[in-house]
Amino acid sequence: MTSDLPPARLRVAPSPTGDPHVGTAYMSLFNLAYARKTGGAFVLRIEDTDRARYQADSERQITETLRWLGLPWDEGPDVGGPYAPYRQSERLDTYRPYVDRLVADGHAYYCWCTPERLAELRKSQERSKASVTGYDRLCLGKTREERALLPGFQETPVVRMLVPDDVPLVFDDLIRGSVAAPRPDDQVLLKTDGFPTYHMAVVVDDHLMGITHVVRGEEWISSTPKHLLLYGWLGWDAPAFAHMPLLRNTDRSKISKRKNPAARLLWFVEQGYLPEALRNFLQLLAYPPADDESEISTFDEFVEGFEWTKINTVGPIFDLDKLNWLNGTYIRNLPVAELGERLVDFVRTHQRPLTVAESAVVYGAAAMLQPRLVLLSDALDQLTFALTPDADLVIDEDARSQLTDAAPGVLDAAVATLEALPEFTHEAIDEGLRTTLVEGLGLKPRVAFAALRVAVTGRKVSPPLFESMALLGKESVLARLRSLRASL
RNA sequence: GUCCCCAUCGUCUAGCGGCCUAGGACACCGCCCUUUCAAGGCGGUUGCGCCGGUUCGAAUCCGGUUGGGGAUGCCA
């Protein structure tokens, strides 16, 4: 499936600041596709330069969820690789010399302004509706001693880049062609805590790790001139850039965990989505189906036809309808045994513990549930009747109210018929009951079977009656039929 | 405020000057099938934001306008 394109090295670089974000998976998918298409490599790098937002558990969640999704990386913090370490916090010594060099070359300068001074500066610029905003370069060209005499001074400086007036603002984008970006501010490169900012770290690491294609969200377009400046100052070739459209909430804003539970990658795991369905869905966002006939396609098919220019520039709204349909379709396409296994596994890890007998019930229900599931989590509710002891079965009021005058007769006849059945398969049950109730008593199937459904499941709506009976077993079914009969 | 990006059914998309009285998918609505619910089959409603221009001809090119989004952080 590799093409004759030169092997590309791509990376995804999430920040461990909480639950993995769905955008990380989206970026990973497209990164990985191109890496595979060119026979190159896909790298996972952890961008943990923000100490304040760092969450220890986050990296594990990121790797687990991306693995769950089936998007494996060739190099990363957990698997190693020729450019280790792959955690930016472990690369602090790597960045320092480059920062020093930029300062020495006059491309960057120290800034001793306090965060308070900066905040005030920003506020006053906002108030005066100034057309030029950003740092006022108070520290530029001053020594520590000179600056110390002025207000808003702090002992530990940051390092800022000195953006020249003629900074190039136009660059080529694999998806958008020629793109113009805003003029950057004198961006901080090294923070007071000694950590580089994203802008410094990303350029150094991408270069050192041999990244050939930077694929990231559209929100980074405005930062690209800064990065290009850095590449130039450091004497490095810049990689190719592809700015992906931003996933959006239904209100069209950038997708966020606050407004959209689906912004959390873990949410899909918890809900019972199939990773292959989510992958297929993500692939369809801002990207045409691989095949005219169907929107269902494998990762390999996606890779085969992959082209940057096919990616749309419009940020797609993350709408669950199509994903739900895809998930149901993928569930239906699963071999029954595998669905059974996934169901048992899902219920156990995300819903409730299962005894051995209960696991067998869930596993055995796979075939009858298959066309009825949108999510794996849907199974449990539909199987309530089968996981409830006969004596504890509750007959819902709206179910009981469906019972007609024919119910007692139906229940009696059903008990007699089922008792006499040599084998308790759904085919045998079907045939037996149809013979006695429909042909024998002359009842409409609808009427006859409704009463039995109520007795066996306690509900108005349930999985197919005969399969449900077979799943439950003869003894249990008879007990339930007698129980409802007795209550009439 | 300033700068940048973007604009086809409700949603995801096809379209890259004539094949478009705009195609597909999801959702929605009917009908069929049917023991309930699904699944499946068949059919249907819905869209090129607006105004100019270029052209024999515009969803497709250009300008403007409106609308949406993003950036403007010692967050990424």
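Keep in mind that the numbers below use all heavy atoms, side chains included, and drop hydrogens, waters and symmetry copies. Convention: sequence-line order gives letters A, B, ...; per-chain numbering from 1.
Considering only side-chain N and O atoms, A:Lys254 lies under 4.0 angstrom from the phosphate OP1 or OP2 of B:rA71. Proximity of A:Thr49 to the phosphate of B:rA76: a side-chain N or O atom is located under 4.0 Å from OP1 or OP2. In this model, the phosphate group of B:rG73 is not approached by any side-chain N or O of A:Arg160 to a distance below 4.0 Å at OP1 or OP2. Taking 4.0 angstrom as the limit, A:Arg183 places none of its side-chain polar atoms (N or O) nearer than this to OP1 or OP2 of B:rC4. Between A:Arg51 and B:rA76 there is no side-chain N or O to OP1 or OP2 distance below 4.0 Å. Distances shown here put a side-chain N or O of A:Arg446 below 4.0 Å from the OP1 or OP2 atom of B:rU36. Contact between the side-chain N/O atoms of A:Lys191 and the OP1/OP2 oxygens of B:rA76 is found at a separation under 4.0 Å. Under 4.0 angstrom from either OP1 or OP2 of B:rC6 there lies no side-chain N or O belonging to A:Asn312.
Picking from B:rG24, B:rU36, B:rG73 the nucleotide with the shortest atom distance to the side chain of A:Gln187 gives B:rG73. Of all nucleotides listed (B:rU11, B:rA14, B:rG73), B:rU11 comes nearest to the side chain of A:Arg252. Closest contact between the side chain of A:Arg248 and the listed nucleotides B:rA76, B:rU36, B:rG68 involves B:rG68. Set against B:rG1, B:rA76, B:rU36, the side chain of A:Val461 has B:rU36 as its closest nucleotide. When the nucleotides B:rC5, B:rA76, B:rA14 are ranked by their closest atom to the side chain of A:Glu47, B:rA76 comes out on top. Taking every side-chain heavy atom of A:Asp50 into account, B:rA76 is the closest of B:rC6, B:rC12, B:rA76. Listed nucleotides B:rC12, B:rC74, B:rG70 differ in distance to A:Thr197; the shortest reach to its side chain belongs to B:rC74. Residue A:Asp185 places its side chain closer to B:rG73 than to any other of B:rG73, B:rA25, B:rC6. Listed nucleotides B:rC4, B:rG1, B:rC12 differ in distance to A:Leu285; the shortest reach to its side chain belongs to B:rC12. Taking only side-chain atoms of A:Arg372, from C-beta outward, the nucleotide of B:rC74, B:rC37, B:rA76 with the closest atom is B:rC37.
Considering only heavy atoms from C-beta on, A:Ser15 stays 4.5 Å or farther from A:Asp50 through its side chain.
Taking for each of A:Glu126 and A:Ser178 the nucleotide of RNA chain B with the nearest heavy atom, the 5'-most of the two is the partner of A:Glu126. The 5' end of RNA chain B is approached more closely, in terms of each residue's nearest nucleotide, by A:Pro289 than by the other of A:Pro289 and A:Phe449.
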Margin query: Between A:Phe306 and A:Phe299, does the ring pair (Phe, Tyr, Trp, His ring centres under 6.0 Å) criterion hold? Intermediate values first, please.
Written below: CA-CA 10 Å; A:Phe306 183 79; A:Phe299 180 68; 9.4 Å; no
Next item on the list: Give the C-alpha distance, both sets of side-chain angles, the deciding distance and a yes or no for side-chain contact (heavy atoms from CB on, under 4.5 Å) between A:Arg11 and A:Val214.
Entry: CA-CA 7 Å; A:Arg11 49 66 174 177; A:Val214 168; 3.4 Å; yes
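Rounding to whole angstrom units, CE of residue A:Met368 and P of B:rA39 are separated by 17 Å.
Ion pairing between a basic and an acidic side chain is recognised when a charged N comes within 4.0 Å of a carboxylate O; A:Asp165 and A:Arg183 show such pairing. Between A:Arg51 and A:Asp193 there is a salt bridge, since a side-chain N of the basic residue sits under 4.0 Å from a carboxylate O of the acidic one.
Within 4.0 Å (heavy atoms only), A:Pro184 reaches no atom of the nucleic acid at all.
Contact of A:Thr192 with B:rC74 (side chain to base): a donor-acceptor pair of N or O atoms is detected under 3.5 Å.
Cation-pi geometry between A:Arg160 and A:Tyr135 is met: under 6.0 angstrom from the ring centre, within 45 degrees of the axis.
The main-chain N or O of A:Gly315 is found under 3.5 Å from a side-chain atom of A:Arg248 such that the two form a donor-acceptor pair.
Against RNA chain B, the stretch residues 314-333 of chain A makes heavy-atom approaches under 4.0 Å through A:Val314, A:Pro316, A:Ile317, A:Asp319, A:Asp321, A:Lys322, A:Trp325, A:Arg332.
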For residues 410-418 of chain A, dump all side-chain donor-acceptor pairs below 3.5 Å to protein atoms at least two apart in sequence or in another chain.
{"residue": "A:Asp412", "atom": "OD1", "partner": "A:Arg485", "partner atom": "NE", "Å": "3.0"}
{"residue": "A:Asp412", "atom": "OD2", "partner": "A:Arg485", "partner atom": "NE", "Å": "3.0"}
{"residue": "A:Asp412", "atom": "OD2", "partner": "A:Arg485", "partner atom": "NH2", "Å": "3.4"}
{"residue": "A:Thr417", "atom": "OG1", "partner": "A:Ala413", "partner atom": "O", "Å": "2.7"}
{"residue": "A:Thr417", "atom": "OG1", "partner": "A:Thr436", "partner atom": "OG1", "Å": "3.0"}

